[in-house]
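Numbering starts at 1 and runs along the sequence shown.
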Amino acid sequence: MNNKKENNTHNNESSSPLGKLDGALVIIDYGAGNIKSIQFAFKRLGIEAVLSNNIDEIKAADKVIFPGVGEASSAMKMLIASGLHEVIPTLTQPVLGICLGMQLMCSSSEEGNTKGLGIFDVAVKRFSNAVKVPQMGWNVIKELKSPLFEGVKENEFMYLVHSYYADLCDETIAKTDYELEYSSALQKDNFYGVQFHPEKSGIIGSKILENFLNL
């Protein structure tokens with residue numbers, strides 16, 4: 001994994017040591033994502049991710065990252081303004097939502113009374129004032145179910161910063177406990193979402209990103 005690519009083109013991933021990335025890895029750049037840290041995390045894996053809000057480029061990508069930080073209703077307005085709210089649910093390649101990206105893939109969020117993209121059939125709710133909000137720091141993920149977690153042990157620590165959470169549901173593929181058990185990862189068909197920040201979660205976070213590339 002030490003052979004980093006120097007040629008920053010859309011097709012340089014075809015010779016990736018990870019093997020299954022035949023085209024571009026696109027990080028959706030819609031104004032509400034911590035995209036530089038995610039891009040750098042993939043660069044450490046030898047992959048030059050493309051930052052784009054171009055609909056054709058996103059549709060043509062081999063894999064797509066849907067990031068998000070900030071407030072849900074504002075982020076959704078930016079998606080709507082760019083037309084991406086209609087595009088993302090129709091994508092057929094593997095898509096990974098991170099943090100707010102995952103929450104926007106859900107049916108709704110209490111944050112700003114936001115209607116989500118409806119990919120995951122689950123509501124996003126706010127933690128109560130019985131705990132410190134936001135949850136900020138390291139917490140464990142457990143009951144892992146997906147190839148996304150291939151080679152990841154139960155109860156590994158991941159880095160989280162969030163005030164809202166997705167309920168448990170049929171699409172839950174990882175759980176975390178903070179006041180209550182909630183979905184720290186979701187999957188439906190080709191769509192994946194993680195509440196934690198793999199790009200900030202050290203070796204285990206990198207392993208999860210590598211697993212996504214190898215789906």
Hydrophobic clusters here meaning ILVMFWY residues chained together by side-chain heavy-atom distances under 4.5 Å, can you tell me if M102 and I28 are in one? yes
Any donor-acceptor pair under 3.5 Å linking the side-chain atoms of E179 with those of S128? yes
Are I55 and V64 connected, step by step, through hydrophobic side chains (Ile, Leu, Val, Met, Phe, Trp, Tyr) whose heavy atoms are closer than 4.5 Å? yes
Please test L51 against Q39 for side-chain contact (heavy atoms from CB on, under 4.5 Å), starting from the C-alpha separation and ending with a verdict. CA-CA 8 Å; L51 307 180; Q39 187 180 36; 3.7 Å; yes
Would you say the rings of H85 and Y30 are close, in the sense that their centroids are separated by under 6.0 Å? no
Determine whether V50 and I27 satisfy the following criterion, side-chain contact (heavy atoms from CB on, under 4.5 Å), listing intermediate values before the conclusion. CA-CA 6 Å; V50 177; I27 301 173; over 6 Å; no
When the ring centroid of F127 is compared with that of Y164, is the distance short of 6.0 Å? no
4.5 Å side-chain heavy-atom contact, M158 and I208: yes
Closer than 3.5 angstrom, by distance alone: can the side chain of Q103 be matched with the main-chain N or O of A166 as a donor-acceptor pair? no
Got a second to check how far L45's CG is from K207's NZ, nearest 0.5 Å? 10.0 Å
Between atom CE of M76 and atom CD of E71, what is the distance when rounded to the nearest 0.5 Å? 10.5 Å
Please confirm whether the backbone N or O of N54 pairs with a side-chain atom of S52, one donor and one acceptor, at under 3.5 Å? yes
Minimum-distance pair of heavy atoms, taken over all atoms of I173 and F149: O-CE1, 3.7 Å
Donor-acceptor check, side chain of E111 to backbone of A72, threshold 3.5 angstrom: yes or no? yes
CG-NZ distance between L209 and K63, expressed to the nearest 0.5 angstrom: 12.5 Å
From I65 CD1 over to I58 CD1, what is the distance, rounded to the nearest 0.5 angstrom? 12.0 Å
For the residue pair Y192 and F212, categorise the inter-ring angle as parallel (less than 30°), tilted (30 to 60°) or perpendicular (more than 60°). perpendicular
Between V152 and L144, is any pair of side-chain heavy atoms under 4.5 Å apart? yes
Backbone N or O of L160 within a donor-acceptor pair of the N139 side chain at under 3.5 Å? no
Tell me if a side-chain donor or acceptor on S201 pairs with a main-chain N or O of Y159 at a distance below 3.5 Å. yes
F66 ring center within less than 6.0 Å of F191 ring center: no
Applying a strict under-4.5 Å side-chain criterion to I, L, V, M, F, W and Y, I'd like to know whether W138 and I204 cluster together. no
More than 12 heavy atoms of other residues, nucleotides or ligands under 6.0 Å from CD of E150: yes or no? no
Shared hydrophobic cluster, V131 / Y165 (ILVMFWY, side-chain heavy atoms < 4.5 Å): yes
E110 side chain to R126 backbone, donor-acceptor under 3.5 Å: yes
Test E181 against every option in D167, T172, L168 by the side-chain contact (heavy atoms from CB on, under 4.5 Å) rule and name the one that passes. L168
V69 and V124: same hydrophobic cluster, using ILVMFWY side-chain contacts below 4.5 Å? no
Have Y182 and H162 got a donor and an acceptor in their side chains that come within less than 3.5 Å? yes
Do S109 and L104 have side chains that approach each other closer than 4.5 Å (heavy atoms only, starting at C-beta)? no
My understanding is that only one of I119, T114, L117, V122 makes a side-chain contact (heavy atoms from CB on, under 4.5 Å) with C106; could you say which? V122
Within the 4.5 Å heavy-atom criterion, are K175 and I141 side-chain neighbours or not? no
Passes side-chain contact (heavy atoms from CB on, under 4.5 Å), S108 versus K115? Steps please. CA-CA 4 Å; S108 65; K115 181 181 179 181; 5.8 Å; no
Okay, side chain of S82, backbone of M78: is any donor-acceptor separation there less than 3.5 Å? yes
Approximate separation, where rounding is to 0.5 Å, of D189 CG and E171 CD: 8.5 Å
Between N190 (side chain only) and Q93 (backbone N and O only), is there a donor and an acceptor less than 3.5 Å apart? yes
Side-chain heavy atoms of H197 within contact of I38, under 4.5 Å: no
Do other residues, nucleotides or ligands put more than 12 heavy atoms under 6.0 Å from the NZ atom of K77? no
Heavy-atom side-chain contact between S37 and E199 under 4.5 Å: yes
Checking the side chain of S107 only, and the main-chain atoms of D121 only, is there a donor and an acceptor separated by less than 3.5 Å? no
Interatomic distance, E210 atom CD to I203 atom CD1 [nearest 0.5 angstrom]: 12.0 Å
Any K36 side-chain heavy atom under 4.5 Å of F40 side chain: no
Can a donor-acceptor pair be found, under 3.5 Å and without considering hydrogens, that links the side chain of N155 to the backbone of K142? no
Side chains of Q195 and S184: is there a donor and an acceptor less than 3.5 Å apart? no
Are K132 and Y178 packed together at the side-chain level, in the sense that at least one heavy-atom pair is separated by less than 4.5 angstrom? yes
Any idea which heavy atoms bring S183 and C169 closest together, and the distance? OG-N, 4.1 Å
